[in-house]
Amino acid sequence: MIADSILDTIGHTPLLRFQKLTRHLPPGVELYAKAEYFNPGGSVKDRAALNMILAGERSGQLTQDKIIMDSTSGNTGIAYAMIGAARGYRVRLVMPANVSRERKLTVENYGAEVVFSDPMQQSDGAILLARQMLAANPDLYFYPDQYNNPANWQAHYHTTGVEIWEQTGGKVDAFVSTLGTGGTFAGVSAALKKRNPYVKCYAVEPAGAAFLSRGKVTNPAHKIQGAGYAMPLPLFRPEHCDGFLTVTDAAAIRAARRLAAREGIFAGFSSGANVAAALRVARQLPPGAVVVTTINDSGLKYLSTDLFPDEVSEDD
C-alpha cells in the first residue's frame with residue numbers, strides 16, 4: 001500500500017481475538033477487540049476527528065484562515081493536531097491540566113497550541129473555556145464541538161461498525177464500549193443493530209461517574225481518561241443501549257496490565273475498562289457467542305501515570 005497522506009491510513013484496523021484472558025469463559029465464547037491504536041494518531045478518535053473536519057470543509061465552515069479549536073481530554077486533540085498538520089490548519093486545544101504528560105507533548109509536537117483548563121472541573125471546565133474562547137472570537141475559530149457534532153458518531157456508523165460486522169462475518173452477539181462523547185457507542189451500535197437488531201450493545205461508565213446509568217457522580221476525579229465525563233451526552237442513543245456496566249479504576253487498571261502481560265496488547269485506561277466489562281458480559285453468554293469491544297488507544301500515552309507499575313508482580 002502506498003498512501004498519499006497519513007490520513008489515508010485511518011480506519012480498517014485489525015480485529016484481535018483474545019487467547020489467554022478468555023480461558024475461563026464458557027466453552028466456545030469468543031472475545032474480540034478492534035485494535036484502534038493502529039490508527040496513525042494512536043486512537044479510535046482519529047476516525048471521528050477526520051470526519052468532523054471533512055464535514056467542516058464541505059460545509060464551508062472550515063477554511064484555511066480559521067483555527068481548529070475544541071475541548072478534549074487528549075485523544076481527539078491528538079487527532080485534530082495530526083490532521084491539522086497534514087492539511088495545513090492551525091490547531092488550538094483546550095485540555096484539562098491533569099491529562100497525561102504524553103498527551104500534552106504529542107499535541108504540541110504536532111504543532112498545536114494547548115490552553116489548559118482547571119483539572120478539578122474535568123471536561124466541563126474545558127468545554128466551558130472553549131465556548132468562552134469561541135464567543136470572544138467567533139470568526140477566528142472552526143469549532144467542531146465533538147460532544148454535539150453528528151459527524152462524530154456517523155464516522156463510526158459508516159466505518160467502525162461496518163468493519164466489525166464484516167470482520168466477524170456478521171457473527172456478533174454483543175458489543176461493549178465505554179462512553180466518552182458517546183460517538184463510538186452510538187455509531188457502532190446503530191450500524192450493528194441495522195444489520196441484526198438482536199445484537200446486544202452495552203455502554204460502560206466509570207463506577208465513580210455513572211452519570212447516565214445511575215444519575216450520580218461520587219468520584220469525578222476517576223482515572224479512566226477519555227470516559228465518564230459526568231454530563232449529558234447528546235450523541236448517545238439510549239434506544240440502542242441494552243444495558244449499562246460500571247468499572248472501577250482498579251478493575252480497569254488490572255485489565256490493562258493483564259492485556260499487556262498476557263495478550264501482548266499495550267493499552268490505556270479506557271481499553272482496560274472495555275475489556276473488564278466485555279469479560280463480564282462474555283461470562284453470561286451461551287457457548288459460541290461472540291463479544292466485541294475496542295482497544296481505544298495505546299498504553300504508551302500513560303507511561304507517566306500509575307497505569308503501569310515500575311515493577312510488575314506476578315499478580316499483574
Side-chain angles (χ1 to χ4, degrees), residues 13-14 16-24 31-46 72-79 81-82 95-110 114 119 122-123 176-180 184 204-209 219-229 245-280 293-316:
T13 56
L16 308 177
R17 180 191 289 113
F18 290 166
Q19 301 292 336
K20 297 179 180 178
L21 292 182
T22 56
R23 288 178 177 173
H24 300 296
L31 176 57
Y32 294 84
K34 199 88 164 85
E36 289 299 288
Y37 64 96
F38 274 55
N39 285 308
S43 85
V44 66
K45 298 295 189 178
D46 286 9
T72 172
S73 63
N75 280 328
T76 306
I78 290 172
M82 174 188 67
M95 303 174 70
N98 63 343
V99 297
S100 72
R101 182 172 181 268
E102 291 82 2
R103 290 185 177 195
K104 298 175 187 177
L105 290 175
T106 301
V107 297
E108 289 173 345
N109 279 283
Y110 274 124
V114 181
Q122 297 295 307
S123 58
V176 179
S177 176
T178 49
L179 295 176
T184 302
V204 182
E205 295 183 289
N219 180 22
H222 63 82
K223 295 182 179 181
I224 305 175
Q225 296 185 27
Y229 292 143
L245 299 167
T246 59
V247 176
T248 63
D249 288 349
I253 291 171
R254 183 167 57 250
R257 291 177 181 178
R258 288 176 174 172
L259 273 173
R262 301 182 185 180
E263 298 284 353
I265 301 171
F266 199 51
F269 285 100
S270 64
S271 302
N274 273 348
V275 171
L279 283 167
R280 201 184 312 163
T293 189
T294 57
I295 302 297
N296 294 329
D297 66 358
S298 167
L300 293 174
K301 296 175 180 177
Y302 306 95
L303 292 176
S304 64
T305 72
D306 62 354
L307 178 57
F308 296 103
D310 293 331
E311 297 182 4
V312 180
S313 70
E314 291 184 2
D315 290 338
D316 292 328

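The chain is numbered in sequence order, starting from 1.
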Evaluation steps, side-chain contact (heavy atoms from CB on, under 4.5 Å), between V114 and K104: CA-CA 8 Å; V114 181; K104 298 175 187 177; 5.8 Å; no

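- Proximity of a side-chain donor or acceptor of E205 to a complementary backbone N or O of L179 within less than 3.5 Å is not detected.
- Closest approach of D297 to S43, counting heavy atoms only: CB-CB, 3.8 Å.
- Residues G228 and P206 approach most closely at CA-CD, 3.4 Å, considering heavy atoms.
- How far CG of N296 is from CD of E36: 7.5 Å, rounded to the nearest 0.5 Å.
- Taken from NE2 in H222 to OG1 in T248, the straight-line distance is 12.0 Å, to the nearest 0.5 Å.
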Working for side-chain contact (heavy atoms from CB on, under 4.5 Å), residues R280 and V247: CA-CA 10 Å; R280 201 184 312 163; V247 176; 3.8 Å; yes

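- Taking CE from M82 and NZ from K45, the interatomic distance works out to 13.5 Å, rounded to the nearest 0.5 Å.
- From I265, atom CD1 reaches atom CG of L21 across 8.0 Å, with rounding to the nearest 0.5 Å.
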Full working for side-chain contact (heavy atoms from CB on, under 4.5 Å) between L31 and L279: CA-CA 8 Å; L31 176 57; L279 283 167; 3.7 Å; yes

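- Of all heavy-atom pairs spanning A256 and F308, the tightest one is O-CE2, 4.0 Å.
- A donor-acceptor contact shorter than 3.5 Å links the side chain of N274 to the backbone of T178.
- Atom CG in N98 sits 10.0 Å away from atom OG in S73 (nearest 0.5 Å).
- Taking K223 as the reference, D306 meet the salt bridge (charged side-chain N to carboxylate O under 4.0 Å, His left out) condition, with sequence neighbours excluded.
- Smallest separation of non-hydrogen atoms from I224 and A252: CD1-CB, 4.0 Å.
- Rounding to the nearest 0.5 Å gives a distance of 5.0 Å between CG of L259 and CZ of F18.
- At a cut-off of 3.5 Å, with distance as the only test, no side-chain donor of K34 or T294 sits close to an acceptor on the other residue.
- In terms of heavy-atom proximity, E102 sits nearest to K301 at OE1-O, 3.1 Å.
- The ring of F266 has its center no closer than 6.0 angstrom to the ring center of Y37.
- Between Q225 and V99, the shortest heavy-atom distance links the atoms OE1-CA, 4.2 Å.
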